[in-house]
Undergrad: 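Input: one structure, supplied below.
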2 protein chains.
Amino acid sequence: MPSRVTLNDVAREAGVSLATASRAINGNKNRKVREDIRERVLAAATRLHYTPDATAQAMARGATTTLGLVVHSITDPYFSAIASGVMVAAERRGLVVTLASTQSNANREVELVELLHSQRARSVIVVGGRRDDDVALAAMTDVLGRFRRAGNSTVLVGQPLLGTDTVTIDNTGPATQLARDLHGRGYQDVVVLAGPADHLTARERAGAFADAFRELGGTVDVAHSRFTRDGGHHAVRTVLRRYRPELVFAVNDVMALGALAGLTEAGLSVPHDVGLAGFDDIDGLQDVTPHLTTVHLPLHDIGIAATDLAFAAPAPDPRVVRVSGTVALRASTPGPRRAV
Amino acid sequence: MPSRVTLNDVAREAGVSLATASRAINGNKNRKVREDIRERVLAAATRLHYTPDATAQAMARGATTTLGLVVHSITDPYFSAIASGVMVAAERRGLVVTLASTQSNANREVELVELLHSQRARSVIVVGGRRDDDVALAAMTDVLGRFRRAGNSTVLVGQPLLGTDTVTIDNTGPATQLARDLHGRGYQDVVVLAGPADHLTARERAGAFADAFRELGGTVDVAHSRFTRDGGHHAVRTVLRRYRPELVFAVNDVMALGALAGLTEAGLSVPHDVGLAGFDDIDGLQDVTPHLTTVHLPLHDIGIAATDLAFAAPAPDPRVVRVSGTVALRASTPGPRRAV
DNA sequence: TTGTAGGCGTTATCAA
DNA sequence: TTGATAACGCCTACAA
């Protein structure tokens, strides 16, 4: 029972040499194999249910057909949207995606890149904002560098700090614009659910928003918490123990959703009692009530852009592709309730 | 510039043979390499930044460390929840997950299993309900069978129709219970958004629900559409052109969300004007208003169970692991509005 | 156009 | 315990 049929078997079955069988089966370069022979080989291959061994091909060719993708969490709509973009772009290139999830653990992230290096992935794409942590940054810069020196490409979706090609999202521009728009709607006081203090994406968004809002004469309160739905929930509950805010800006949508739940549980109505805004415009946001004001990010396209970058001609210096978002003012921030 | 350092380099650097270096680096079986030598090798390895070549190991060992996972859509919370369970269970076993998304294309699904076969994945897990399509079923049965005959394992999450180990979800039990519970709350008429007519999961849920509801004396209308949010949206809009239902049951949550949007756009309030129920209890449902009645499924655990099954001792006959769900009655189905 | 043979990086068998 | 050496399945000069 030849459960493991090799190219050799196919060659024998077709009555040709291994080399000819190999050439027939992948029409490598200029197809220099006679048509009838080619057909004979292909017939033998299907007859025997031959399946090429990609690991052997990888060894012989010195390159796999695998793309490594590292995200924080696959159930987070932010990451799954980017991942789906990567997968679409990878499929176009005939690549297979090896996906790994870090649960935001920096050490694990490094390990995973090493693992992907071991797997001889053609390229690895790391998705997610960096932390303000020199040790972690150095460690990532290091593994990515080694991987690149081994002849592969790396792309980061996040802050361009790791000496690699990067797709970077403009957080400050839209955050600033959002602050202006919301102030323009009449809000004077805001509490910013700012996420972790060392989280660069969170910091950029919170900082830009707060600066702009203050500059317009508004007052800004800042509450830190985790970058998750529960983080948003917890932060808003803590704030509510002190006072009722006029407007809440969460640095991402999932936090905003947590905040929405917290506000509702406290008997407050959004937007009647409190305005609420987020960031990212994740999928599924359309189904929450009220429609959340946010910053729309082309997440799927970001995944595609990252993949394109990974397979662009190698450049001497790290490239940075900037992508921006657009403010989406929606029902959750109609403006503050007029003096009641 | 030895950008490609091999075990040979390490052996030379450490002054030992290739074989010894190999043994030192993975303490294979009973570690039979002298401690000082082992350390010398390890030191050389790190000094040279040696990274084992997984493709070469796979060839030599005849087995990779890869788990293939095939889903319909990675951005769908149903699939990403199961996928995250698989990834957690895979990581525990030191495996890497190669993820592929089919966009519900049956041919593509077969191709992907073939691709994973080529990659010599240890096992492949296919997630998603089957269609009533003999050709497609036969094709999948076939590829999976070949893959298994090559010495690997396969697991399907869905209907146990492919001659493979299967984690199957009990749709009829909870759907029946849901019908009873809703009828118990006073609903007499329901429209079932039944999804595609040939979609087995959809059919099981819709069928069991409708049967039970009718048996209790209720009337049931059935509307078919795609299995997606848009499908739910479209179906409910179509129904609304004819009449206003008392209760809507969508065979999955994303369809229910689409329906909710459709109802709301039509100026109807859920649950005031219309009751609404779904199925799956996907992540994020907690953030929609009103809280949706649904059937809770342990999606993450289903992913874990599928992986456990994939790595259980091989059995002569296909195994079937049944998992069930529990009805979660929530605010979207308080009972019909009393005569107004 | 086809065949021969060497090599890809590791593991594993078998002596030493 | 360690060291040669033959696989593993395929690709690819190079030769025929």
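Because only heavy atoms are used, hydrogens play no part in the values below, and waters and symmetry mates are left out as well, while side chains stay in.
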Undergrad: Heavy-atom nearest nucleotide on DNA chain D for Thr55(A) versus Val16(B): which residue maps closer to 5'?
TA: Val16(B)
Undergrad: If I take atom CZ in residue Arg40(B) and atom C1' in nucleotide dT2(D), what distance separates them, rounded to the nearest angstrom?
TA: 12 Å
Undergrad: According to the ring pair (Phe, Tyr, Trp, His ring centres under 6.0 Å) rule, which pairs have a member within residues 43-71 of chain B, sequence neighbours left out?
TA: none
Undergrad: Specify whether Phe147(B) and His117(B) have parallel, tilted or perpendicular ring planes, treating 30° as the upper limit for parallel and 60° as the lower limit for perpendicular.
TA: perpendicular
Undergrad: Does Thr20(B) put a side-chain nitrogen or oxygen below 4.0 Å from OP1 or OP2 of dG3(D)?
TA: yes
Undergrad: Check Arg131(A) with Glu109(A), please: is the shortest side-chain N to carboxylate O separation under 4.0 Å?
TA: no
Undergrad: Sort me out a list of protein N/O and nucleotides 6-10 of chain C N/O pairs below 3.5 Å, or just none if empty.
TA:
unit_1: dT10(C); atom_1: OP1; unit_2: Tyr50(B); atom_2: OH; d: 2.5
unit_1: dT10(C); atom_1: OP1; unit_2: Asp53(B); atom_2: N; d: 3.2
unit_1: dT10(C); atom_1: OP2; unit_2: Leu7(B); atom_2: N; d: 2.5
unit_1: dT10(C); atom_1: O5'; unit_2: Tyr50(B); atom_2: OH; d: 3.3

Undergrad: So if I take every side-chain heavy atom of Ile37(A) and compare against dT2(C), dT4(C), dT13(C), which nucleotide ends up nearest?
TA: dT2(C)
Undergrad: Describe, as an angle rounded to 10 degrees, how the axis at the first end of the helix from dT1(C)-dA16(D) to dA16(C)-dT1(D) is tilted relative to the axis at the last end, five pairs per end.
TA: 40°
Undergrad: State whether a side-chain donor-acceptor pair under 3.5 Å links Thr75(B) with Ser84(A).
TA: no
Undergrad: Is it true that Arg120(B) and Thr64(B) share a donor-acceptor pair across their side chains at a distance under 3.5 Å?
TA: no
Undergrad: Sequence neighbours excluded, which residues qualify as side-chain contact (heavy atoms from CB on, under 4.5 Å) partners of Ala89(B)?
TA: Arg93(B), Ile304(B), Thr307(B)
Undergrad: Starting at atom CZ of Arg23(A), determine the distance to atom P of dT12(D), rounded to an integer number of angstrom.
TA: 10 Å
Undergrad: Excluding sequence neighbours, so at least two apart, what forms salt bridge (charged side-chain N to carboxylate O under 4.0 Å, His left out) with Arg40(B)?
TA: none
Undergrad: By the ring pair (Phe, Tyr, Trp, His ring centres under 6.0 Å) test, which pairs, at least two apart or in different chains, include something from residues 148-167 of chain A?
TA: none
